[in-house]
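Every chain is numbered from 1 and lettered A, B, ... according to where its sequence line falls, protein lines coming before strand lines.
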Number of protein chains: 2
Amino acid sequence: MTVVNTPDQLPSAPSPALDTAPEGGHSKRALLGLDAPLQLDSGALLGPLTVAYETYGTLNATKSNAVLVCHALTGDQYVASINPVTGKPGWWTGLIGPGQAVDTDRFFVICANVLGGCMGTTGPKDLNPNSCKPFGLDFPVITIADMVRAQAMLIDHLGIDSLFCVIGGSMGGMQVLQWAAAYPQRVFAAVPIATAARHSAQNIAFHEVGRQAIMADPEWREGRYLDQGTRPRAGLAVARMAAHITYLSEPALHRKFGRRLQARDRLGFSFDADFQVESYLRYQGSSFVERFDANSYLYITRAMDYFDLAQPHDGVLSAAFKGTKTRFCVVSFTSDWLFPTPENRKIVHALNAVAANVSFVEIETDKGHDAFLLDEPEFNRTLTGFISSAWAARQKTMP
Amino acid sequence: MTVVNTPDQLPSAPSPALDTAPEGGHSKRALLGLDAPLQLDSGALLGPLTVAYETYGTLNATKSNAVLVCHALTGDQYVASINPVTGKPGWWTGLIGPGQAVDTDRFFVICANVLGGCMGTTGPKDLNPNSCKPFGLDFPVITIADMVRAQAMLIDHLGIDSLFCVIGGSMGGMQVLQWAAAYPQRVFAAVPIATAARHSAQNIAFHEVGRQAIMADPEWREGRYLDQGTRPRAGLAVARMAAHITYLSEPALHRKFGRRLQARDRLGFSFDADFQVESYLRYQGSSFVERFDANSYLYITRAMDYFDLAQPHDGVLSAAFKGTKTRFCVVSFTSDWLFPTPENRKIVHALNAVAANVSFVEIETDKGHDAFLLDEPEFNRTLTGFISSAWAARQKTMP
């Protein structure tokens with residue numbers, strides 16, 4: 001598939017019909033791939049393309065203080081500032097900001113919406129220059145490596161040769177690993193959090209349930225819902241509900257909700273939300289629909305399913321990191337059953353096998369996979385310590 | 001709600017419009033509640049009602065050798081004989097039959113389709129005598145205790161005073177616990193397997209996802225799909241897919257499928273089933289739709305959600321078993337994350353607290369919750385040993 005936009009048919013044009021318009025309107029935008037399109041893993045060419053991003057802090061004179069933050073499946077570039085769609089604070093304000101673990105008084109922090117996303121970076125809801133309609137399923141299937149290629153184009157565009165640190169959790173962690181493997185010279189330090197070097201069969205299965213829920217919704221219209229003025233709300237909400245359970249842990253659900261009943265002191269003997277956990281899940285589903293594009297959900301889950309960093313190396317993960325000089329800090333959480341500690345430990349073992357500089361911390365928490373987004377003091381201390389010492393080392397290497 | 005059928009409006013009449021007609025056509029049927037309707041936990045009255053059941057072996061002269069098998073959420077009465085809908089062997093032929101752990105040369109085995117089911121026992125697809133249309137959501141919400149009440153009516157109907165053993169896994173195990181708590185004099189031995197004395201918040205959440213998937217399907221028609229000639233196939237398939245993941249374990253999925261690709265040696269860069277695990281899940285969804293009624297799925301999952309054996313005793317589970325003389329064998333499986341060992345151990349602790357006769361076995365397996373349906377030699381040996389020794393004890397008590 002070749003999808004090359006001509007400069008007068010730019011995918012940064014406003015998308016039609018998405019009634020909640022999660023356009024990431026306040027973001028900076030870079031128009032990239034004007035000289036040469038992005039070559040995707042599928043063989044398709046995509047370009048020019050728009051990457052929407054936020055920055056915090058100031059790039060120093062030597063351009064040595066840039067930190068790239070990679071977001072998760074349903075995350076976005078608003079890592080440390082108000083999200084204009086939801087009006088909520090950034091998703092990592094506990095870690096990124098003035099005086100925080102990633103101190104924006106010291107570092108220049110960049111966070112870009114991923115390729116295939118729906119917050120301003122080119123994705124399936126943008127106009128296909130060949131048809132002048134939204135791409136829908138004509139958007140090429142993308143991979144984590146493709147997302148990282150688009151980010152590398154952005155970093156080039158910003159004139160940054162080498163990143164001080166790349167950091168991210170979950171799918172963000174996959175991007176961190178891909179950065180370290182694909183651009184070892186450009187990554188001084190890397191923090192993959194609650195992630196895996198390849199998506200497990202169980203995780204592929206959960207993603208497939210979500211995709212089937214979306215595609216079963218007649219309002220999905222084979223992906224052409226934007227042209228046809230519909231939205232697969234019900235299907236996307238079910239997908240989100242199923243996924244949301246996997247982000248939590250049984251102990252966290254038990255602590256938060258247990259079997260407590262919803263605004264009644266007895267069972268309702270109906271299919272209304274009797275239990276608080278049902279009401280909570282329904283809210284998670286319905287609020288997600290207001291901010292996320294269903295086709296983006298298909299494409300991004302597919303990219304995660306396809307991720308297998310060892311595959312090009314005949315299954316030998318360490319080969320992906322051969323000769324690396326990057327400093328790594330791998331973090332997992334005890335109650336995370338989506339990306340459990342053994343998956344993270346495999347990354348550590350592969351790095352050990354090539355004598356990389358790696359530290360590994362497993363944080364004790366009952367909060368499940370979502371712990372990486374929540375206030376976890378030990379996680380915060382781990383990051384603060386690693387970033388400080390890596391920054392000290394970085395400064396020694398500078399002229 | 002009062003739903004009392006008059007004898008000339010029997011719910012055993014054939015249901016209309018269910019095109020695959022999972023009617024359990026070969027089963028024995030008992031018409032119960034003719035004298036007095038079944039009083040449900042919701043307050044509704046239901047009756048007369050039909051219970052469809054299978055039996056294996058011969059009831060002895062003293063009626064002391066009856067074993068009641070309780071089936072799980074999507075199970076049925078065909079525990080040890082060919083299922084007429086699927087054409088497949090019974091779901092526990094590895095445990096129940098001549099010379100098996102539950103030896104049908106020695107025992108009279110009874111297995112009934114649960115109340116609310118779709119294999120011949122009265123459920124939401126049967127005719128509502130008040131409207132002469134299928135009940136749909138006019139069927140009263142039922143509980144595990146209601147299912148057990150209907151079974152007790154069947155056992156009365158068969159002239160059996162006391163069951164030698166009640167056995168079941170998952171939701172079947174909930175029924176076993178309910179039998180032991182509600183009818184302690186009628187249960188000599190009880191084998192709850194891979195179950196819990198109350199449904200966890202996480203399990204309620206997974207059920208809610210399944211129900212929302214069904215109810216989001218426009219073909220569900222607010223539960224009136226049988227009248228309207230539709231079927232919520234897509235929604236029910238998604239519900240089954242999500243549930244099916246919870247029946248397995250990550251190691252089992254990894255062993256069975258890993259990241260192996262489906263009939264191709266490379267990624268397809270599409271949303272077709274690329275991975276074998278996706279194809280398997282899709283098959284699980286689509287084949288389930290051929291044999292199960294969507295409204296039954298709603299009612300039975302709701303019954304499980306409502307199950308909390310300690311609730312009537314101010315949360316003190318042991319009080320449910322006070323004074324019990326039943327012999328218990330509680331079984332769990334190491335890789336079962338739906339009904340994990342700690343949930344089963346809570347049952348054991350409650351039984352210990354009332355000095356009950358209880359043995360507890362945790363079986364080492366990577367097969368997940370489904371292990372109770374699969375060939376597990378240690379599980380088989382455990383059951384064989386427990387049943388033999390309980391039968392020896394039973395015979396000593398007989399005149």
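- Atoms CZ and CG, on B:R240 and B:L281 in that order, are 10.5 Å from each other to the nearest 0.5 Å.
- Shown here are the salt bridge (Lys or Arg N to Asp or Glu O under 4.0 Å) partners of B:D41, two or more places apart in sequence or in another chain: B:R149.
- If you measure heavy-atom distances from A:S249 to chain B, the contacts under 4.5 Å come from the backbone alone.
- Counted within 6.0 Å of NE2 on A:H313, heavy atoms from surrounding residues, nucleotides or ligands total more than 12; the atom is thus considered enclosed.
- Under 4.0 Å is where a charged nitrogen must lie from a carboxylate oxygen, and between B:R282 and B:D272 no such pair does.
- Between A:D366 and A:K256, none of the side-chain N atoms (NZ, or NE/NH1/NH2) sits under 4.0 Å from a carboxylate O, so this pair counts as no salt bridge.
- To the nearest 0.5 angstrom, B:L137 atom CG is 12.0 Å from B:N128 atom CG.
- Both the backbone and the side chain of A:D308 come within contact range of chain B, with heavy atoms under 4.5 Å apart.
- By a heavy-atom distance cut of under 4.5 Å, B:L298, B:Y299, B:R302 are the residues of residues 295-302 of chain B near chain A, going up by number.
- Residue B:H207 does not touch chain A at all, counting heavy-atom pairs closer than 4.5 Å.
- Within the 4.5 angstrom heavy-atom criterion, no atom of B:N203 approaches chain A.
- Of the listed residues (A:D305, A:L248, A:T143, A:I142), the greatest number of heavy-atom pairs within a distance under 4.5 Å of chain B belongs to A:D305.
- Each of A:Y280, A:F288, A:Y283 was evaluated against A:H244; a single residue qualifies, A:Y280, per the ring-ring contact (aromatic ring centres under 6.0 Å, His included) test.
- Of the listed residues (B:R198, B:Q276, B:H254), the greatest number of heavy-atom pairs within a distance under 4.5 Å of chain A belongs to B:R198.
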